Student: 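Have a look at this one before I ask anything.
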2 protein chains.
Amino acid sequence: MWEREAKITDAELEVMEVLWQGGDLTLAQVKEGVTARKGWSGDTVKTLLRRLLEKGAVGQEKRGVYHYRPLVSREELGDYKTRTLIEKLYDGKAKDLVAALVERRQLDRSDVAELRDLFDKLWEERGEDA
Amino acid sequence: MWEREAKITDAELEVMEVLWQGGDLTLAQVKEGVTARKGWSGDTVKTLLRRLLEKGAVGQEKRGVYHYRPLVSREELGDYKTRTLIEKLYDGKAKDLVAALVERRQLDRSDVAELRDLFDKLWEERGEDA
DNA sequence: GCATATAGGGTACAACTGTAACCTCATTTT
DNA sequence: AAAATGAGGTTACAGTTGTACCCTATATGC
């Protein structure tokens, strides 16, 4: 993911959210989706969609009427934003973020259980090599 | 941490970083610290410090010359930004963030070891109650 | 005492963001 | 066909952010 895509703003994120869920939508459908979530005017949605096109985060294809689809996945964007957050506030150490989540009680009992298993398995799989 | 403090921008973060390290600094010292890191003009640093004061993220105290000190800790800010990131991109589930870090290989062998132990211990401590 | 450096206050200004309105042309409705 | 509706294009406008300059009063160096 290049820099331009990375600068997706909060308002634009709402539009991406609708596209991530819908996959391939007309403007009318995007408007509907975003308006349902946020109550913004259709014109506002249009502007956000245009900016996302300019940023290369969304693609448009003319099939009768234009259809829009995300060019960045939520996973990619999450990954990017998480990495920059770790850089800026956790001294570049992903582990410190996880430790902070634990410290701050952001993980409940079942999360801890799942993650304990996950790290156990991970240790088995990747423990010996590399 | 209230909303105003949360909106610390990237440029402002550099100033916070210096204050977090220095604790209680004069403008001249903050300028020096930030300029050393980023090469920005002293005036720029002044502006950023003023905005941080307005946002309530930094306090000022006149002892001869003004001294500045952070009113928000790096931990608080990290926590806040992490939580909003989780809200916006991981469906509110902290566990999903951690799983993504694993998936994306953001944790190395020793991180995995440490975290495995951490979650093990956490499971022992908090496993039975709550 | 005069020159100069510095602290503090105010102003600047373009790019980006949030939130929209306006205009025009084609299509559908009556 | 006249009117209403909708798609697409363009423009708007205040607030925020990044990055800095200018002015004044005071302190400091000779």
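Just so you know, these numbers use all the heavy atoms, side chains as well, and skip hydrogens, waters and symmetry mates. Residue numbers begin at 1 in each chain, while the letters A, B, ... track the order of the sequences. As the structure is a prediction and not an experimental result, all values here were calculated from the model.
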Student: I want to check something: taking the side chain as every heavy atom from C-beta on, are B:Leu97 and A:Thr82 in contact at a cut-off of under 4.5 Å?
Tutor: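 Yes, side chains in contact.
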
Student: Pick the nucleotide of DNA chain D nearest each of A:Thr26 and B:Ala11; which residue has the one closer to the 5' end?
Tutor: A:Thr26

Student: Would you check if A:Leu101 and B:Ile86 make a side-chain contact, meaning some heavy-atom pair closer than 4.5 Å?
Tutor: yes

Student: Under a criterion of less than 4.0 angstrom to any heavy atom of chain A, what are the 5'-terminal and 3'-terminal contacting nucleotides of DNA chain C?
Tutor: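 Taking any atom under 4.0 Å from a heavy atom of chain A, the span is C:dT17 to C:dC22.
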
Student: For A:Glu61 and D:dG8, give me the distance from atom CD to atom P, rounded to whole Å.
Tutor: 13 Å

Student: How long is the line joining CG of A:Leu49 and P of D:dG8, in whole Å?
Tutor: 10 Å

Student: Looking at B:Ser73, is its backbone amide N or carbonyl O close enough to the side chain of B:Glu75 to form a donor-acceptor pair, meaning the two atoms are under 3.5 Å apart?
Tutor: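 Side chain of B:Glu75 to backbone of B:Ser73: no pair is present.
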
Student: Using only heavy-atom distances, decide whether a donor-acceptor pair under 3.5 angstrom links the side-chain of B:Arg51 to the base of D:dG18.
Tutor: yes

Student: Atom CZ of A:Arg63 to atom P of D:dG8: distance rounded to whole Å?
Tutor: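 Value for this atom pair: 12 Å.
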
Student: Is there a side-chain polar atom (N or O) of B:Thr9 under 4.0 Å from OP1 or OP2 of D:dG18?
Tutor: yes

Student: Go through the structure and list residues passing side-chain contact (heavy atoms from CB on, under 4.5 Å) with A:Arg63, not counting sequence neighbours.
Tutor: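 Result, side-chain contact (heavy atoms from CB on, under 4.5 Å) vs A:Arg63: A:Asp24, A:Glu61, A:His67.
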
Student: Rounded to whole Å, please give me the gap between CD in A:Gln29 and P in D:dG6.
Tutor: 14 Å

Student: How close or far is atom P of D:dT17 from atom CG of B:Asp10, stated in whole angstroms?
Tutor: 10 Å

Student: When B:Glu12 is tested against each of B:Lys55, B:Lys7, B:Lys38 for salt bridge (Lys or Arg N to Asp or Glu O under 4.0 Å), which residue passes?
Tutor: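 The single option meeting the salt bridge (Lys or Arg N to Asp or Glu O under 4.0 Å) with B:Glu12 is B:Lys55.
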
Student: Between protein and nucleotides 21-27 of chain D, map the contacts as a letter string: B base, S sugar-phosphate only, - none, heavy atoms under 4.0 Å, written 5' to 3'.
Tutor: BB-----

Student: Kindly determine whether A:Asp79 and A:Arg83 satisfy salt bridge (Lys or Arg N to Asp or Glu O under 4.0 Å), including the steps that lead there.
Tutor: CA-CA 6 Å; A:Asp79 187 45; A:Arg83 271 190 293 107; 3.6 Å; yes

Student: Can you measure B:Arg50 atom CZ to D:dT19 atom P for me and round it to whole angstrom units?
Tutor: 15 Å

Student: Does the side chain of B:Val102 reach to within under 4.5 Å of the side chain of A:Leu115, using non-hydrogen atoms?
Tutor: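 No - every pair of side-chain heavy atoms lies 4.5 Å or more apart.
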
Student: To check you understand the geometry: which heavy-atom pair defines the closest contact between A:Tyr68 and A:Gln60, and what is its length?
Tutor: OH-NE2, 3.2 Å

Student: Less than 4.5 Å apart, side chain to side chain, heavy atoms only: is that true for A:Val30 and A:Val15?
Tutor: yes

Student: Expressed as a whole number of angstroms, how long is the span from B:Lys55:NZ to D:dT16:P?
Tutor: 9 Å

Student: Starting from C1' on D:dG8, measure out to CD on A:Glu54 and report it in whole angstrom.
Tutor: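 These atoms are roughly 14 Å apart.
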
